[in-house]
Amino acid sequence: MIRMTEPSKITSVPDHQPAAGGIAARARASVGPKYLSGLNPEQREAVETLDGPVLVLAGAGTGKTRVLTTRIAHILSQGRARPAEILSVTFTNKAAREMKHRLGQMLGHAVEGMPWLGTFHSIGGRILRFHAELAQLKSNFTVLDVDDQVRLLKQLLQAENIDDKRWPARMLAGLIDGWKNRGLMPSQVPSGEAAVFANGKGGKLYASYQERLKILNAADFGDLLLENIRIFREHPDILRQYQQRFKYILVDEYQDTNVAQYLWLRLLSQAPAKPAPTVIPGRLEEPNPESGNESSARDSGSAPAAHPGMTASAAGATKNICCVGDDDQSIYGWRGAEVDNILRFDHDFPGAKIIRLERNYRSTGHILAAASHLIAHNEGRLGKTLRTEDQDGEKVTVTGSWDSEEEARGIGEEIEQLQRRGEKLNEIAILVRASYQMREFEDRFVTLGLPYRVIGGPRFYERAEIRDALAYLRVINSPADDLAFERIVNVPKRGLGDATVQMLHDHARKRRIPLFEAARAVVETDELKPKARGSLRDVVAQFDRWRAQREVTAHTDLAQIVLDESGYTEMWQKDRSADAAGRLENLKELVRSMEEFENLQGFLEHISLVMDREGGAEEDAVSLMTLHSAKGLEFDNVFLPGWEEGLFPSQRTLDEQGRAGLEEERRLGHVGLTRARRRAMIYFATNRRIHGTWSTTIPSRFLDELPAANVEITESKGGSAWGGTGGYGASRFDDMEAFGSSYTTPGWQRAQANRNRGGARSGGGYGGFEDETATFSSSSSAGPDFGSFSSRRRGPLTIEGELVAKSTGTTSEFSLSDRVFHQKFGYGRVTKIDGNKLTIAFDKAGEKKVVDSFVQRA
DNA sequence: CTGTGACCGATTTTT
DNA sequence: TCGGTCACAG
């Protein structure tokens, strides 16, 4: 492995000063090394606490990445480990790149020597390639994308004679993904859960899917970790090898880890077992969520002894693992992230040191106060109190408008106003809950001629043209890649439709050969009509030729040749649709990006893990994105439209996840607010068109949860706020008392009423928060005031019932055909049970899916 | 095998 | 309302 250049290269600035005494010398001085200066005491503690497990609770804008990178620099400069002995994982390629970049600035070019800095999946994939044969794979296995997965599952469904209308392949893909996220191999899936798909065939399908993957020499994303876990468990010697290698482990965004990632980390973070491998205790043995008692044990109080075996053998046996995260920013529960992981850290890693980073360097006082007060309504949290030494700044504004169109118009005007005041468009973002909200803004911006860019959306490697191109290359690289072959055999159109593919399948299965070889054989027979036979023969011949050329042509050139000769480029050139040009551009970009890799093989191995959305983003433009994709970003000015019940918090989340869902939505609100440096502007509309039909909405309950002292209710656009640009008649609002200076909208009133009812927890998902009216004096006193508020909230770290129930998949306490009552839908009868989700036939409201905590026995 | 109309169903997204 | 998927006709 590449050695770090020299310790003395470490500086806190990118320049290369000779640094006579070197870092080590300075480290011994009381001041400490230079890179530590400029850290606040908590940050510094997080960097310097090198031994044992550490959890850094890093609130929004508190310098989390800085801590992570400085910690690595510190480990290296102290000579604690060499670069190749540090495992550092992130979730996204973007985060990994950012860390590499920052490290590069601190260390010079030593980053080259950090081979284990990457995403969970890329590192898992890397490890899996080393031991592929232990997973019945070859080291050049393919990583499947979602399309491939679905296509494969469709075939399995057909083979099993299952109606893929009633039981869509996508749904099965989702289930399998969920199981893999939870670390479950086919045999470990709780039978109840395996049965929910296709009348009990779910588990069997999962098993045969895995078998097919091995035959295809392929792995899906979930396998990259799951197969690691399996290998580590079955081969303690291999595990030990990695445990010995990784002296330090760092994890970014720990609140987003799922069970599989947690298990993976747990395995790697145990100190290497010396004698016979001891069984690693606690959750490791039973990722099986059916043992739902675990949670209550965990919950029932102060007993770290809930993991008896672990405390015994793990005390002092856990290595140096440092997880950084923020429970208040956990917004990916719906895709398998376990807030539990972070909430339970000190149980899982006994003796863990917990460090809170609470000084925020991003937002002004009012914004921070609003965000803190909002999130304080959550119960399942570890509790942090963000503070700033910045000025109060402007209050968070809340603006109501008549409908979503009005809302878009108002925001458009406000943006123009900001622009006139000299704000950069790059410093303005609109964060929506759901992507369908974006359309209205796009329309408006197009009319205004306001440059904007949508962030998120389909990623580069998810685009059809990229996948097609990759499929061509995959078939060249591995002729047995049936999924890739199937994808492009008729792209561009060659008259080789379903019928032909079906017969190739039959052939291939009978002779146990890949589709490509089947095609070669079939061409020699007269089973196909002359036309199809001719095109198929051409295809086979073309691939043979490309494979031969591979030996003598650079891989980038080969790619270009393939795209041209296959007619793929031409297909898009002929295409008259608006995005055809962009697709051709993407193809060029793909070919260009291949240069970074040595050969086709290397390119294909990494591409599915590393490809990212395009960079671009040079010109000045407003950013439009979902709240989810805004995590990790910051802007001077942030617009938060659509704060209405049903949309935000999303009704669906509430229905499906109950209270845990509400808390996750609230965290989303917290994430949104904390994106803003100087101005946060919230909007709600009274009427919104959802799926085509207009409906009247009420303001989000989250508005009620904002502290009055830091919020200003403004009139909708064009009005007094900045002197009135006239233009549109603001008059419609003049009559509405709603937009005066106090909380008097119907929603507010309803909310007040509900709140006063108090206690009725299980009713509508509304908790009763007695201290609603707690006023936050503005933020000069923010520190102490927050402190007292939060410390009142920071009770025992128990997790609210549903949260646990949801994350551990316990089964419902209800049984089929129970008679139940629901606050909103009235009486009904349970017709289906899926974990804690019930399907209930209501007497009046019809059949609905609800979370069990929302109903009571009637 | 391909192009056209009916129909269903609608969050959030990374790897 | 809109867009994707599916059955059917050519």
Side-chain angles (χ1 to χ4, degrees), chain A residues 89-96 118-126 143-146 149-150 154 163-165 168-170 174 177 180-181 219-226 252-253 256-258 260-261 330-337 404 431-440 443 455-462 489-490 492-502 528-529 531-532 535 606-613 625-632 642 646-657 661 664-665 667-669 671-672 688-695:
Chain A
V89 280
T90 63
F91 273 84
T92 63
N93 290 310
K94 197 178 157 203
T119 63
F120 276 102
H121 294 273
S122 65
I123 290 172
R126 191 185 155 101
V143 179
L144 296 191
D145 62 38
V146 188
Q149 269 182 75
V150 171
K154 248 186 198 143
D163 178 10
D164 65 352
K165 276 270 194 38
R170 282 200 176 274
D177 200 47
K180 289 187 174 178
N181 282 163
D220 63 18
F221 280 113
D223 286 339
L224 298 181
L225 286 168
L226 199 54
D252 191 17
E253 305 278 18
D256 286 339
T257 50
N258 60 37
Q261 287 155 343
S330 161
I331 54 177
Y332 286 114
W334 52 273
R335 70 177 192 210
S404 45
L431 313 182
V432 297
R433 175 61 180 80
S435 40
Y436 64 77
Q437 291 173 261
M438 293 197 219
R439 200 201 182 97
E440 218 131 15
D443 288 351
I455 299 193
R459 270 140 288 141
F460 188 70
Y461 64 85
E462 261 176 21
V489 69
N490 199 29
K493 300 255 185 295
R494 303 186 173 95
L496 302 168
D498 289 348
T500 312
V501 172
Q502 194 52 52
L528 284 172
K529 294 202 188 96
K531 214 175 140 200
S535 342
H606 290 285
I607 204 60
S608 47
L609 299 175
V610 163
M611 274 296 247
D612 243 346
R613 70 193 76 183
M625 69 190 95
T626 64
L627 286 163
H628 282 93
S629 40
K631 195 169 78 155
L647 176 58
F648 184 55
S650 145
Q651 189 56 49
R652 187 153 161 186
T653 300
L654 261 39
D655 290 345
E656 287 174 5
Q657 320 268 8
E664 184 154 308
E665 293 285 299
R667 290 193 289 268
L668 208 43
V671 166
R688 190 170 290 271
R689 195 168 37 181
I690 301 166
H691 312 320
T693 41
W694 285 96
S695 49

Practice task
Determine: side-chain N/O of Thr500(A) to OP1/OP2 of dC1(B), distance under 4.0 Å, yes or no.
Solution key: yes

Practice task
Report which part of the nucleic acid Ala499(A) touches: base, sugar-phosphate, or nothing (heavy-atom distance under 4.0 Å, all strands).
Solution key: sugar-phosphate

Exercise for the section: Determine the contact category for Gly497(A): base if any of its heavy atoms lies under 4.0 Å from a base atom, sugar-phosphate if only primed atoms, P, OP1 or OP2 are that close, otherwise nothing. Expected result: sugar-phosphate

Practice task
May I ask you to say whether Lys180(A) pairs ionically with Asp220(A), meaning some side-chain N is under 4.0 Å from a carboxylate O?
Solution key: yes

Exercise for the section: Would you classify Ser435(A) as touching base, sugar-phosphate or nothing, given that sugar-phosphate means primed atoms plus P, OP1 and OP2, and contacts are heavy atoms under 4.0 Å? Expected result: sugar-phosphate

Practice task
Have a look at Ser650(A) and say if it touches a base, only the backbone sugar-phosphate, or nothing, with a 4.0 Å heavy-atom cut-off.
Solution key: base

Problem - Salt bridge flag under 4.0 Å for residues Asp177(A) and Arg170(A) - result: no

Handout entry: Under-4.0 Å side-chain N/O to phosphate OP1/OP2 contact, Ser629(A) with dT13(B)
Key = yes

Handout entry: Contact check, side chains of Ser404(A) and Gln437(A), non-hydrogen atoms, under 4.5 Å
Key = no

Practice task
Name the closest nucleotide to the His691(A) side chain, picking from dT1(C), dG3(B), dT13(B).
Solution key: dT1(C)

Completion exercise
Out of dT13(B), dT15(B), dT2(B), minimum distance to the side chain of Asn490(A) belongs to dT2(B)

Exercise for the section: Describe the nucleic acid contact of Leu496(A) in one word from base, sugar-phosphate, nothing, applying a heavy-atom distance below 4.0 Å. Expected result: sugar-phosphate

Handout entry: Nucleotide of dT15(B), dA10(B), dC2(C) approaching His121(A) most closely (side-chain heavy atoms)
Key = dT15(B)

Problem - Residue Thr92(A), side-chain heavy atoms: nucleotide from dT12(B), dT14(B), dC1(B) that is nearest - result: dT14(B)

Problem - Contact nearer the 5' end of DNA chain B, comparing Asp498(A) with Arg433(A) - result: Asp498(A)

Exercise for the section: Classify the angle between the aromatic ring planes of Tyr332(A) and His628(A) as parallel (below 30°), tilted (30 to 60°) or perpendicular (above 60°). Expected result: tilted

